[in-house]
Amino acid sequence: MTPPMRAVVYYRYGGPEVLEPAELAEPKLGPDSVLVRTRAAGVNPVDWKLRSGYLDTLIETHFPVVPGWDLAGVVERVGPDVTEYAPGDEVIGYVREDHVQRGTHAELVAAPVRTLARKPAGCSWAQAAGLPLAGLTAYQALGRGLGLAEGETLLVHAAAGGVGSLAVQIARARGARVIGTAGPANHDFLRGLGAEPVAYGEGLAERVRELAPGGVDAVLDSVGGETLEDSAGLLAASGRLVSIADPGVNGMGGRYVFVRPDTADLTALGALVDEGKLTVEVAATFPLERTADAQALSAEGHTRGKIVVELG
């Protein structure tokens, strides 16, 4: 009989207080999955939104739930149909299934190969764990969402956040000019990433127009609501608009993007890391037992970069 593994779970929707440590049985391994020993797991806004029940009408939930979709760890065992990986391989993953139950905030995770890629050599475990969801969101929004091309001007909202800071770097690697909205305390950080910062608040549209009088070619919105509505007026005649926060963008002639697991995209992100073109800013790390604190910090919405839970 295998010993139990450490995990964090919740048995009902609610605030951070519903999260509790647990000892669970080792997950069963499907034919096209690998068993990964988790070294670190990213924390994302979707984690506390799922825990709060906000996405109950969108994604089926089976309690108890182990939270988390981001993963960085070492392969322990592979399923009988897996040829892509072997025990000892270091991997990262956006381990999202079509229902919510088996997350990544656990010592062992059974991850389908379609959700994994090899860990970039040029980053720590914490940085690797912060890359998958946010990095794929940015990469797919700029690619299949906006078709961003070299020489174009991109406006990124919340550019110092987890998705925004990666989007800035990916866009710069594509040869685009980037204007990023952020609080004044993060302006030097954005300049270091290659973006031209503008402050939030009243007069934002005018400040963007001063930098791009003819309008911007593309906007990546991660705020929604009024920010999204104002963004439409900042586009050039052929400009494109994508939101990762507000499906209402579809009614404005833009496109809503919900990130998908994709090995090829995740591999491309890893290559950018190893080429020195992409860095994951880690804002804070927590031990597994403090997952509730990590989610509470995420819910505040003011973190620069990524929050990560470390397991060893």
Side-chain angles (χ1 to χ4, degrees), residues 42-45 123 126-127 130-131 133-135 137-139 141-142 145-146 148 150-236 239-246 269 272-273 276-285 297-308:
V43 176
N44 297 284
C123 64
Q127 290 174 311
L131 179 63
L133 188 154
T137 300
Y139 191 86
L142 298 184
L146 291 170
L148 187 69
E150 183 178 359
E152 292 191 310
T153 298
L154 169 72
L155 172 63
V156 178
H157 287 299
V163 173
S165 60
L166 296 176
V168 168
Q169 297 174 77
I170 294 167
R172 293 293 294 146
R174 286 173 173 248
R177 176 194 180 196
V178 181
I179 300 170
T181 67
N186 286 318
H187 283 192
D188 284 344
F189 171 66
L190 290 186
R191 291 187 186 98
L193 299 181
E196 300 167 53
V198 293
Y200 291 127
E202 186 176 349
L204 170 62
E206 288 72 19
R207 290 190 288 276
V208 173
R209 290 191 185 100
E210 287 178 4
L211 293 173
V216 298
D217 299 294
V219 174
L220 171 55
D221 165 64
S222 58
V223 181
E226 188 175 322
T227 298
L228 175 60
E229 294 173 9
D230 292 343
S231 296
L234 296 172
L235 292 171
R240 293 94 66 202
L241 178 61
V242 154
S243 179
I244 61 171
D246 192 339
L269 287 167
L272 288 174
V273 172
K277 298 177 181 178
L278 185 64
T279 300
V280 179
E281 176 84 359
V282 177
T285 61
L297 180 60
S298 174
E300 292 178 5
H302 303 298
T303 304
R304 184 172 85 186
K306 295 294 300 177
I307 301 167
V308 175

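Just so it is clear, the values below take in all heavy atoms, side chains as well, and ignore hydrogens, waters and symmetry mates. No experiment lies behind these values; they were computed from the predicted model shown.
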Between A205 and L234, the two heavy atoms sitting closest are O-CD2, 3.7 Å
Taking side chain to side chain donor-acceptor pair (under 3.5 Å) as the definition, give me every residue that meets it alongside R174, ordered by chain and number, with sequence neighbours left out. none
Would you confirm whether E152, through its side chain, and A176, through its main-chain N or O, come within 3.5 Å as a donor-acceptor pair? no
Taking all atoms of both residues into account, what is the closest heavy-atom pair of H187 and A182, and its distance? NE2-O, 3.0 Å
Enter the distance from L148:CG to L220:CG here, rounded to the nearest 0.5 Å. 9.5 Å
Determine the minimum heavy-atom distance between V308 and A126, stating which atoms define it. CG2-O, 3.4 Å
Tell me, which pairs form a side-chain hydrogen bond (donor to acceptor under 3.5 Å, both in side chains) where one or both residues lie in residues 192-201, sequence neighbours left out? R177-E196
Mind jotting down which residue pairs meet the side-chain hydrogen bond (donor to acceptor under 3.5 Å, both in side chains) criterion with at least one end in residues 214-229? Sequence neighbours excluded, please. D221-S243
So, the side chain of T181 versus the backbone of A158: is there a donor-acceptor pair under 3.5 Å, distance only? yes
Measure the spacing between CG of L297 and CD1 of I307 and express it to the nearest 0.5 Å. 3.5 Å
Could I get the full list of salt bridge (charged side-chain N to carboxylate O under 4.0 Å, His left out) partners for R172, not counting sequence neighbours? none
If I take atom CG from residue L131 and atom NZ from residue K306, how far apart are they, to the nearest 0.5 angstrom? 9.5 Å
Can you tell me how far CD of E281 sits from OG1 of T303, rounded to the nearest 0.5 angstrom? 11.0 Å
Pairs where residues 202-212 contributes a residue and the test salt bridge (Lys or Arg N to Asp or Glu O under 4.0 Å) is met, not counting sequence neighbours: none
Are L241 and L228 packed together at the side-chain level, in the sense that at least one heavy-atom pair is separated by less than 4.5 angstrom? yes
Minimum heavy-atom separation for L272 and A173, please, with both atom names. CD2-CB, 4.2 Å
Least distance between heavy atoms, L190 atom then G180 atom: CD1-O, 3.8 Å
Less than 4.5 Å apart, any side-chain heavy atom of S165 and any of L193? yes
On a heavy-atom basis, the closest approach of G135 and L166 is N-CD1, 3.5 Å
As an exercise, state the distance from CD1 of I244 to NE2 of H157, rounded to the nearest 0.5 Å. 11.5 Å
Any side-chain heavy-atom pair from V273 and L269 closer than 4.5 angstrom? no
Begin from the C-alpha positions of D230 and L204 and carry the test side chain to side chain contact (heavy atoms under 4.5 Å, CB included) through to its verdict. CA-CA 9 Å; D230 292 343; L204 170 62; over 6 Å; no
Applying side chain to side chain donor-acceptor pair (under 3.5 Å) to D246 and not counting sequence neighbours gives none
So L146 and L154, side chain to side chain contact (heavy atoms under 4.5 Å, CB included) or not? Walk me through it. CA-CA 10 Å; L146 291 170; L154 169 72; 3.9 Å; yes
